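This structure is a prediction, so every number in the text was calculated from the model and none was measured. These numbers come from the heavy atoms of this one structure, side chains and all, not from hydrogens, waters or symmetry mates.
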Amino acid sequence: MTGDSGVRVRFAPSPTGFLHIGSARTALFNWLFARHHGGTFILRIDDTDEQRSTEESMREIYDSLKWLGLEWDEGETAGGPHAPYVQSQRGEIYEKHVAQLLDDGNAYRCYCTPEELAAMREQARAEKRDQTYAGKCRNLTPADCQRLEAEGRRPVVRLKVPPEPITVEDLILGDIRVEADALQDEVIVKSNGSPLYNLTSTVDDLEMGITHVIRGADHVNNMPKQVLICRALGMQPPRFAHVPLVLNSAKGEKLSKRRHGDLVSVGKYRQDGYLPRAVINFLARLGWSYDDKTEIFSIDELIDIFDLGRVGKTNSVFDIQKLQWLNGHYITDMDIAARTNAVIPFLQQEGLLLKTNLTPDRRAWLEKIVESVGDRLTTLADIIPQTSFFFVDNFEYDPKAVKKWWKKDSALEILGGLRDVMAPLKTFNLEEVETAIWEYTDTNGVKRVQAMQPLRIALTGVSFGPGLFDIIALLGRDKVMQRLDRAICHVNGGA
RNA sequence: GUCCCCGUCGUCUAGUCUGGCCAAGGACACUGCCCUUUCACGGCAGCGACACGGGUUCAAAUCCCGUCGGGGAUGCCA
């Protein structure tokens, strides 16, 4: 699947938790961009923060990406010419580049301690200045270094940043200009010897031949730093495109794992019964649009028309109602067989269906149930409240429904009346049942709804759901009569 | 505080670059009506925005300036 257009993009998550919904959108934009241009989509794991990175998180990210259908052409599990694709395994590569930077005089060792730096920052803030490192250790002699190391100090490595403003073009945001004052000699290697994000990310983008860095806008101010590193390395930087962030609806702040829990987890939407197609469509339209009216896009259409130039500059708010609408649309869009397949795991998980293969009869019956539900599913998990009564007999009666529709005397009369007209039916087919019920309501002057709702509650326990005649047909005579008796007994105050 | 970015209906957005076709269009949500055995679906209708103030211009949502608001960053995290 590796393309030959020369376009190479990467999605580089840090494995510090589940796949965040905003990250998923970044992955999607990268993937769409690669597919649109016939390029290569690379998955790289940026785990230089050993403290927070976990193996489990890595697996979950793989799972979520695969579930969304965002297959990668190069990366862990896919292989590729630039393996390994996990930063924690690429130490030597970074060391080599840091050595070059040091040798060329483009980087230097700094012996300031974190405490000293914090003090300098505090002072800068008090004086309302940029809190940038002033380059104190920039011109240390080898003798100075020796003396400081003798004190027990361990140096960090800093990039030597030229004192001039820099302007970098962003494919979404336009030109980003940073004044020389706001730039500082960034730390690229920690005092314990481990390289930092701006270094590793830049080196890998260069090494892996990345042509376009498409990532979240929380990285915009890393862009100049990384371009500077490229220059110091004598390399041409990739092009950048920063995608505005996805905010939390309530407060308008960045959606974060810490604050918003699994609300932002792709895995949660999978569990809750959302379709990958719906999530993709939703994510695509968050911050991107094609024209002034189209909302529904197939994957192929997205690949065909996706364009970074149509990504907006403003942050957007995650609106689950729109996702729900799309999900309902895509569920309805599936044929009955596919919908049945999709819903089976949810029924099994709820214990309504055994986790074994269905017999052809049982399968046909299930499909009819699914068909009866029609377009009432917003999520696949909605199959439970919509149909659980098909699978269990001793369901509870919803108290609110009972209160509204089972006023003792009338309910008894109606349920009894319905039982009496249905009992003698010969075939109990849909037509026959319908005729009998309408005959009952018409001759007794009962409004249809006043008969149907009590009956529905008797048969399903709730006041909503598929068409009642479909339910009756699927339940069959025995269950219908049993449930009617049970309901009458219940209204009478029985158990 | 400082730096960077952004500001069209509640939300996602079209329109902004290339000023007039915009008394601002679509979608989700919401409200009402129709349909209807329920709940949904669907159909129709309604509600609803150019952050504010200056300027440029015959003409500004679109260009310029300022203010205000929001977000991000400011780390030996990514």
Side-chain angles (χ1 to χ4, degrees), chain A residues 12-14 16 46-49 51-53 110 112-114 117-118 121 124-132 154-158 170 173-174 176-179 181-184 186-194 196-198 200-201 215-224 242 244-245 247 249 252-254 282 285-296 310 312-326 328 332 373-378 382 385-386 401 405 434 437-438 441 447-453 455-457 460 462-469:
Chain A
S14 297
T16 58
D46 281 11
D47 62 344
T48 48
D49 185 355
Q51 306 270 1
R52 296 189 301 156
S53 299
C110 165
C112 298
T113 64
L117 293 170
R121 270 196 296 271
R125 193 181 176 114
E127 293 169 14
K128 302 186 179 186
R129 285 186 288 110
D130 282 325
Q131 301 165 57
T132 51
R154 287 281 160 277
V156 298
V157 177
R158 284 183 187 272
D170 185 283
L173 266 13
I176 306 284
R177 178 186 167 88
V178 183
E179 298 305 322
D181 301 357
L183 261 13
Q184 68 172 347
E186 293 294 332
V187 175
I188 54 177
V189 180
K190 299 210 273 186
S191 57
N192 69 3
S194 54
L196 253 10
Y197 170 75
N198 276 317
T200 59
S201 184
R215 60 182 6 172
D218 46 349
H219 284 293
V220 279
N221 48 29
N222 285 326
M223 174 167 65
H242 288 93
L245 302 175
L247 307 178
S249 50
E253 64 195 352
K254 182 171 106 165
F282 173 73
R285 278 289 287 107
L286 205 55
W288 172 88
S289 65
Y290 174 63
D291 59 17
D292 60 345
K293 44 171 131 0
T294 317
E295 298 287 345
I296 306 287
R310 290 202 62 85
K313 295 181 179 186
T314 55
N315 293 339
S316 40
V317 173
F318 181 91
D319 177 18
I320 193 156
Q321 288 181 314
K322 190 139 191 183
L323 209 208
Q324 287 171 339
W325 170 71
L326 279 165
T332 305
V373 173
D375 47 28
R376 291 176 179 80
L377 301 179
T378 292
D382 286 344
Q386 285 287 339
W405 296 102
E434 188 170 348
I437 290 177
W438 292 157
T441 55
K447 276 191 181 172
R448 291 183 168 190
V449 66
Q450 284 173 331
M452 297 299 269
Q453 280 303 79
L455 177 58
R456 172 180 292 279
I457 295 160
T460 72
V462 291
S463 57
F464 60 87
L468 240 199
F469 293 114

Fill in: RNA chain B: 5'-proximal contact among Tyr197(A) and Tyr290(A) (nearest heavy atom)
Tyr290(A)
Item to complete: Between Lys293(A) and Arg154(A), name the one whose nearest nucleotide on RNA chain B is closer to the 5' end.
Response: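 Here Lys293(A) is the residue nearer the 5' end.
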[X] side-chain N/O to [N] phosphate OP1/OP2 under 4.0 Å:
X: Arg121(A); N: G75(B); value: yes
X: Lys313(A); N: C6(B); value: yes
X: Thr294(A); N: G26(B); value: no
X: Ser289(A); N: A14(B); value: yes
X: Lys190(A); N: C77(B); value: yes

Mind checking [X] for me? I need base, sugar-phosphate or nothing, with any heavy atom below 4.0 Å counting as a touch.
X: Thr48(A); result: sugar-phosphate
X: Glu295(A); result: base
X: Arg310(A); result: sugar-phosphate
X: Asp375(A); result: base
X: Asn222(A); result: base
X: Val220(A); result: nothing
X: His219(A); result: base

Give me, pair by pair, the N or O atoms of the protein and of nucleotides 31-37 of chain B that are less than 3.5 Å apart, along with how far apart they are.
{"residue": "U37(B)", "atom": "N3", "partner": "Leu468(A)", "partner atom": "N", "Å": "3.4"}

Practice prompt. For nucleotides A23(B) and U62(B), find the distance between their P atoms and express it as a whole number of Å.
Written response: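 Their P atoms lie roughly 14 Å apart.
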Worksheet item: Roughly how far apart, to the nearest Å, are A51(B) and G7(B) at atom C1'?
Response: 7 Å
Minimum-distance nucleotide to [X] side chain [options: [options]]:
X: Asp49(A); options: U38(B), C12(B), A78(B); value: A78(B)
X: Asp319(A); options: G71(B), C76(B), C28(B); value: C28(B)
X: Thr314(A); options: U8(B), A78(B), G10(B); value: U8(B)
X: Gln321(A); options: G25(B), A73(B), C28(B); value: C28(B)
X: Arg376(A); options: A29(B), A78(B), U38(B); value: U38(B)
X: Ala182(A); options: A27(B), C77(B), C3(B); value: C3(B)

Response to the item:
Closest heavy-atom pair, Ala401(A) versus Ser463(A), reported as atoms and distance to 0.1 Å, is CB-CB, 4.0 Å
Fill in: Side chain Arg125(A), main chain Lys128(A), donor-acceptor under 3.5 Å
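Flag not set: sc Arg125(A) to bb Lys128(A) has no pair under 3.5 Å.
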Worksheet item: Taking only residues two or more places apart in sequence, or in another chain, which ones meet Arg310(A) in a salt bridge (charged side-chain N to carboxylate O under 4.0 Å, His left out)?
Response: none
Worksheet item: Atom CD of Gln386(A) and atom C1' of C41(B): how far apart are they, to the nearest Å?
Response: 12 Å
Practice prompt. Determine if the base of C47(B) is syn or anti; take syn to mean the glycosidic torsion is within 90° of 0.
Written response: anti
Worksheet item: Has the side chain of Ser463(A) got a donor or acceptor atom sitting under 3.5 Å from an opposite partner on the base of C39(B)?
Response: no
